[in-house]
2 protein chains.
Amino acid sequence: MADTAPSSLVSGRPASARRRYGNRPTMKDVAARAGVGLKTVSRVVNGEPGVTPDTERRVQEAIEALGFRRNDSARVLRKGRTASIGLVLEDLADPFYGPLSRAVEEVARAHGALLINGSSAEDPEREQELALALCARRVDGLIVIPAGDDHRYLEPEIRAGVATVFVDRPAGRIDADTVLSDSFGGARDGVAHLIAHGHRRIGFVGDQPRIHTAVERLRGYRAAMADAGLPVADAWVSLGSTAPERVRAAVAGMVGGPEPVTALLAGNNRVTVTAVRVLAETREPVALVGFDDLDLADLLGITVIAQDAAALGRTAAERLFRRLDGAAGEPRRVTLPTRLIPRGTGETPPPGLRK
Amino acid sequence: MADTAPSSLVSGRPASARRRYGNRPTMKDVAARAGVGLKTVSRVVNGEPGVTPDTERRVQEAIEALGFRRNDSARVLRKGRTASIGLVLEDLADPFYGPLSRAVEEVARAHGALLINGSSAEDPEREQELALALCARRVDGLIVIPAGDDHRYLEPEIRAGVATVFVDRPAGRIDADTVLSDSFGGARDGVAHLIAHGHRRIGFVGDQPRIHTAVERLRGYRAAMADAGLPVADAWVSLGSTAPERVRAAVAGMVGGPEPVTALLAGNNRVTVTAVRVLAETREPVALVGFDDLDLADLLGITVIAQDAAALGRTAAERLFRRLDGAAGEPRRVTLPTRLIPRGTGETPPPGLRK
DNA sequence: CTGAAAGCGCTAACAT
DNA sequence: ATGTTAGCGCTTTCAG
């Protein structure tokens with residue numbers, strides 16, 4: 001066959017020479033089979049006008065017969081838009097981020113875009129690696145839940161036109177659109193709630209201090225205590241890893257120390273879960289308010305400060321697509337409110353006030 | 001400037017003519033700035049050998065100065081592999097699928113691939129639309145948690161070389177690699193557990209009958225009852241939507257009917273959650289075993305048949321990449337075991353046997 | 001209404 | 001060690 005002929009002598013590439021994409025037919029193949037020009041196939045595939053019904057039918061038949069499917073990689077290269085966005089989050093397995101991601105996906109879908117997810121595992125390097133890999137794939141936009149606190153590495157990308165929105169935590173050292181929950185206000189409200197129920201010695205167990213929300217929630221905790229004129233003992237505050245062992249030790253220290261707390265604010269869902277386990281074993285009941293709602297928390301009667309993870313994702317995605325649609329203007333910061341849901345653990349009075 | 005000159009007269013495209021990808025520099029631009037050939041830039045970017053340290057440095061400088069990042073779309077077009085895989089699941093917000101997806105992501109990452117997620121919302125059409133969109137993007141492989149029961153639409157894709165693995169539920173009308181949990185065995189064990197604790201009238205509330213796992217779990221339920229020589233009243237079995245209202249009605253009917261059940265097998269995590277809520281309000285305690293583990297289920301003392309969602313995802317992804325690495329052979333079906341975790345609700349004896 | 005030609009940005013194959 | 005050329009499969013442009 002023509003296999004050995006120099007390619008410059010044959011206009012078309014012989015079918016047997018196909019290798020890529022596991023032998024997939026191309027528009028050229030469809031055109032040849034339908035006896036039409038390449039562009040006509042393109043028109044049919046993309047539903048563009050200017051094709052007679054008869055021609056269209058012949059092309060459709062060839063498409064069916066060959067099992068053709070448009071190669072979007074090539075399309076993307078030509079068009080310059082991938083109709084996909086990237087989402088860098090901490091851990092897709094975390095019940096907080098699942099709904100957030102799903103909400104982003106729904107907005108993307110409404111805009112005809114696909115979503116590429118990546119988990120940073122709270123590792124700044126991995127966040128950067130992921131975000132840049134997504135940029136190399138030329139996602140149209142990027143939504144980032146930061147693990148690190150320096151996002152200058154994204155500057156060239158943003159300048160090059162990658163719309164970028166930060167969620168849940170603010171960007172570090174760059175100015176960018178951001179959507180946050182009101183961590184400060186939520187924590188303050190939670191602690192005020194405990195104070196209103198008679199507590200004076202209240203502890204706070206939070207995430208690592210390099211995480212923005214952890215610091216904000218601590219601020220909220222301190223603000224509520226200060227507002228009530230209450231002192232805060234050093235032993236009542238513990239920031240660090242949310243690994244169960246660490247949290248367990250922190251909680252145990254607070255309830256078992258010389259100045260034992262009678263109530264606790266748990267800094268996020270993982271902390272809450274462990275705190276509930278530990279407190280189930282204490283003799284005196286300890287009041288608890290957790291940041292982030294949990295499945296089944298109602299059945300367990302856990303009082304929480306709920307964030308709306310889906311709203312966070314939706315808001316961020318909508319802002320992203322508005323930018324992609326050409327919205328100009330300064331980066332904006334949106335803060336979504338939290339909601340205190342009393343369910344029992346937060347309304348337990350301190351021992352002294354008990355009936 | 002040369003802007004108006006016909007492009008055939010100028011070797012390079014003037015910088016002002018760039019439009020795509022928001023004005024991004026290309027390798028050509030980098031080459032020009034570094035005063036080297038295009039291929040040399042490619043070598044540096046890809047870490048290929050055969051570049052003097054000095055040349056490399058000059059190229060790196062040009063890359064930095066221009067903020068160049070390789071366009072993977074073009075690379076993909078040329079190489080024929082996208083280094084990405086697709087995962088079509090039901091709902092990323094479901095606590096069962098989050099960990100599954102995360103496990104797939106980890107395996108993908110180990111193979112240098114990105115993961116594109118899509119939620120079918122249990123809609124067969126949407127599943128197909130998503131799967132085919134992923135194929136059009138030329139994902140190297142596809143992992144599908146089926147919503148529909150006819151996957152012949154994937155035949156051309158599979159023939160064209162898209163490695164495909166089904167998880168959690170089997171493929172419909174095509175033969176393909178599949179990874180499942182042992183729904184039948186798990187349900188049978190769960191019901192046997194209840195029978196061993198003295199129950200005779202046991203109900204089953206499951207998902208819609210078009211969902212494979214629902215049917216399998218029902219089979220397991222019936223097998224255990226039959227093994228014990230127990231009859232099954234029609235009123236004790238209810239398949240359908242897992243929406244809270246539907247489940248609530250089904251459970252209420254079973255515990256309040258003329259032949260009230262003393263124990264219940266909940267067909268999946270959503271059913272379990274609602275069942276727990278309903279049963280919390282009944283006068284007589286009703287025993288419960290739930291399919292799928294839940295966060296905090298230990299604190300609530302809910303006995304469950306646990307599936308390992310992460311193992312499901314990991315196993316499927318590993319099979320996928322083995323296929324991508326060239327593994328041949330017939331499609332294989334793997335069934336992962338389930339594990340019964342007694343925590344209380346499944347060990348409650350029926351009223352007659354109570355102390 | 002239809003098609004030929006150019007080229008998106010990159011890599012493979014082949015010079016030099 | 002470095003550069004040149006062709007072409008991945010599609011869309012854009014422009015000519016019939």
Side-chain angles (χ1 to χ4, degrees), chain A residues 6-14 17-32 34-56 58-59 66 68-82 136-138 160, chain B residues 6-13 17-32 34-56 58-59 66 68-83 136-138 160:
Chain A
S7 62
S8 56
L9 292 186
V10 292
S11 71
R13 169 201 56 175
R18 283 202 244 105
R19 294 142 296 143
R20 288 177 222 299
Y21 301 111
N23 257 5
R24 274 179 175 281
T26 70
M27 282 193 180
K28 197 171 173 180
D29 300 320
V30 174
V36 301
L38 176 57
K39 178 61 198 174
T40 300
V41 177
S42 173
R43 287 200 179 91
V44 171
V45 168
N46 295 298
E48 286 168 24
V51 182
T52 40
D54 183 60
T55 312
E56 169 155 9
R58 276 179 24 244
V59 171
L66 263 35
F68 168 81
R69 182 158 332 272
R70 182 181 66 197
N71 185 332
D72 279 348
S73 293
R75 173 169 226 249
V76 154
L77 179 59
R78 196 57 241 243
K79 303 203 73 150
R81 281 227 168 175
T82 55
R137 306 235 167 178
R138 298 295 187 269
Chain B
S7 62
S8 54
L9 291 186
V10 291
S11 70
R13 172 200 54 176
R18 284 203 243 107
R19 292 142 297 142
R20 288 175 221 299
Y21 301 111
N23 258 4
R24 274 180 175 283
T26 71
M27 282 192 181
K28 199 171 172 180
D29 299 321
V30 175
V36 300
L38 177 57
K39 179 64 198 176
T40 300
V41 176
S42 174
R43 285 200 180 91
V44 171
V45 169
N46 295 297
E48 285 167 25
V51 182
T52 39
D54 182 60
T55 312
E56 168 155 10
R58 271 174 33 239
V59 171
L66 263 35
F68 168 82
R69 182 157 332 273
R70 181 180 67 197
N71 184 334
D72 278 348
S73 292
R75 172 169 226 247
V76 152
L77 180 59
R78 193 61 242 242
K79 301 205 76 150
R81 281 225 167 176
T82 55
R137 305 231 169 181
R138 297 295 187 269

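Numbered from 1 within each chain, the chains take letters A, B, ... in sequence-line order. All values below were derived from every heavy atom in this structure, side-chain atoms included, with hydrogens, water molecules and symmetry-related copies excluded. Note that the structure is predicted; figures quoted are calculated from it, not measured.
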- Message: Checking the side chain of A/Arg58 only, and the main-chain atoms of A/Ala34 only, is there a donor and an acceptor separated by less than 3.5 Å?
- Response: yes

Of C/dG9, D/dT11, C/dT11, the nucleotide closest to the side chain of B/Leu38 is C/dT11

Rounded to whole Å, CG of A/Asp72 lies from C1' of D/dC8 at a distance of 15 Å

Double-helix bend of the helix from C/dC1-D/dG16 to C/dT16-D/dA1, axes at both ends from 5 pairs, round to 10°, gives 40°

key: Any donor-acceptor N/O pair, A/Asn46 side chain to A/Glu48 backbone, under 3.5 Å   = no

Rounded to whole Å, CG of B/Leu77 lies from P of D/dC10 at a distance of 9 Å

Correct closest heavy-atom pair for A/Gly50 and A/Arg43 would be O-CD, 4.2 Å

Expected list for residues 39-55 of chain B near DNA chain C, using heavy atoms below 4.0 Å, is B/Lys39, B/Ser42, B/Asn46

d(A/Thr82 OG1, B/Asn71 CG) to nearest 0.5 Å is 10.0 Å

Between CG of B/Asn71 and P of C/dC10 the distance, given in whole Å, is 5 Å

d(A/Ser42 OG, A/Arg75 CZ) to nearest 0.5 Å is 8.0 Å

task = Look at the side chain of A/Arg78 against the base of C/dG7 and say whether a donor-acceptor pair falls under 3.5 Å; ignore hydrogens and angles.
result = yes

A/Arg69 CZ to D/dG9 P, in whole Å, measures 16 Å

Interatomic distance, NZ@A/Lys39 vs CE@A/Met27, rounded to 0.5 Å, equals 8.5 Å

Out of D/dT11, D/dG9, C/dT11, minimum distance to the side chain of A/Arg70 belongs to D/dT11

To the nearest angstrom, the NZ-P distance between B/Lys28 and D/dT5 comes to 12 Å

B/Arg81 CZ to C/dA12 C1', in whole Å, measures 17 Å

Does a side-chain heavy-atom distance below 4.5 Å link A/Arg137 with B/Val76? no

Here the gap from B/Leu38 atom CG to B/Thr26 atom OG1, rounded to the nearest 0.5 Å, amounts to 7.5 Å

In whole angstroms, the gap separating C1' of C/dC10 from NZ of B/Lys79 amounts to 10 Å

A/Arg138 CZ to D/dC10 C1', in whole Å, measures 18 Å

All heavy atoms of B/Ala74 vs all of A/Leu77, minimum pair found to be CB-CD1, 3.6 Å

